[in-house]
Each structure stands twice: as structure tokens, then as C-alpha cells.
Amino acid sequence: MKKVITYGTFDLLHWGHINLLSRAKELGDYLIVAISTDEFNDIKNKKAYHSFENRKMILEAIKYVDEVIPEEDWEQKVQDVIDHDVDVFVMGDDWKGKFDFLEDHCEVVYLPRTVGISTTKIKKDMLKVNNG
Ligand code: C2G
């Protein structure tokens, strides 16, 4: 069984996230998503609208996702790949090059980001709608 892993906050889930998850799943048979905890989001200077528990529950409902684990720090990826026997590590290409060190342990794939949508854009557009 070919195992794939990806990491992220996945807040205000949108079609760009779904495009990433569906392409990641295409690369194997089993997709693990390591979802950033609220504490790790603080370290990433990201303020998620949904709590970790709710973002995790939402991800677990997606047909492409087989398992969800917590992402608590920048250092856990090598251990995750080893512990979960991962064959492929996938991230959107805004991260291109940042995780090449994982090539000692698994295949590293950066997929083109989906243009035209982001959690930040959703928040900005909603502000405009509400403030007229
Ligand atoms: N993504 C995408 N297209 C978009 C928006 C996001 O392909 N329009 C991808 C990102 O490239 C990432 C994943 O969806 O691979 C999750 O995006 P975020 O939740 O923004 O993840 P991020 O905060 O970048 O966290 O250790 C890695 C970090 O946890 C990544």
C-alpha cells in the first residue's frame, strides 16, 4: 500500500484544498493529513477560524483522506514519514524546495497551487461583503 502524507492548517476549507487533497490521493492508496494544531498555528503566525478539533473533523469527512494526525512543530516530518511508513510527501508549490531534505526518506512532490482561492481571500472578500 502506497502511503502519501501532506501537512497544513486547512482552515475555512475550500476547493483549492480539495484540489490538493484529491491530487495527493492520486499519488498513492492511503492519504494521511497532518493538520496544524492551534498551538502550531500560533508558531506559524496563522489564526485559524475553526479550532483544531473542528478542522480535524472536517478533514476526516473528506473521501480522499484516510487518516488525520496533528502537526505540532516544524521538526516532526522525518519522524512522521518513518513512523507512518510514508512513500510520498506532497505539498502545494508555494512550499517548493522547503522540504527537499525529506528526499532521503520518501518521494517529495510539490503540486501547483490552485489559483484564485485562499483562506485569506475568503476572509478579505467576506469583510468587503459585510462592510459594503
Ligand atoms: N493550497 C493549494 N491551493 C490553494 C490553497 C492552498 O494547493 N489555493 C495547498 C497549500 O499549498 C498546502 C495545502 O493546500 O499544501 C494546505 O494549505 P494551508 O492550510 O494554507 O497550509 P499551510 O498553512 O501552508 O501549512 O508544515 C507545512 C505547513 O503546515 C503548511
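Since the structure is predicted, the reported quantities are computational estimates derived from the model, not experimental observations. Every number for a ligand or one of its atoms is a count from 1 in the order of the listing. Just so you know, residue 1 is the first one in the sequence shown, and it goes up from there.
- Under the 30°/60° scheme for interplanar angles, the aromatic rings of Phe10 and His17 are found to be tilted.
- Residues forming a side-chain hydrogen bond (donor to acceptor under 3.5 Å, both in side chains) with Asn130 (at least two apart in sequence, or on another chain): none.
- No close placement of the Tyr110 and Phe99 rings is indicated, their centers lying 6.0 Å or farther apart.
- In this structure, Asp11 does not pair ionically with Lys47, as no charged nitrogen and carboxylate oxygen lie closer than 4.0 Å.
- Note on Leu102 and Ile82: same hydrophobic cluster, where clusters join Ile, Leu, Val, Met, Phe, Trp and Tyr whose side-chain heavy atoms are under 4.5 Å apart, directly or indirectly.
- Closer than 4.0 angstrom to ligand 1 lie heavy atoms from Tyr7, Gly8, Thr9, Phe10, His14, Gly16, His17, Leu20, Ser36, Lys44, Lys46, Glu71, Trp74, Lys77, Met91, Gly92, Asp94, Trp95, Arg113, Thr114, Ile117.
- Salt-bridge formation is not detected for the pair Lys77/Asp80: no Lys NZ or Arg NE/NH1/NH2 atom is positioned less than 4.0 Å from an Asp or Glu carboxylate oxygen.
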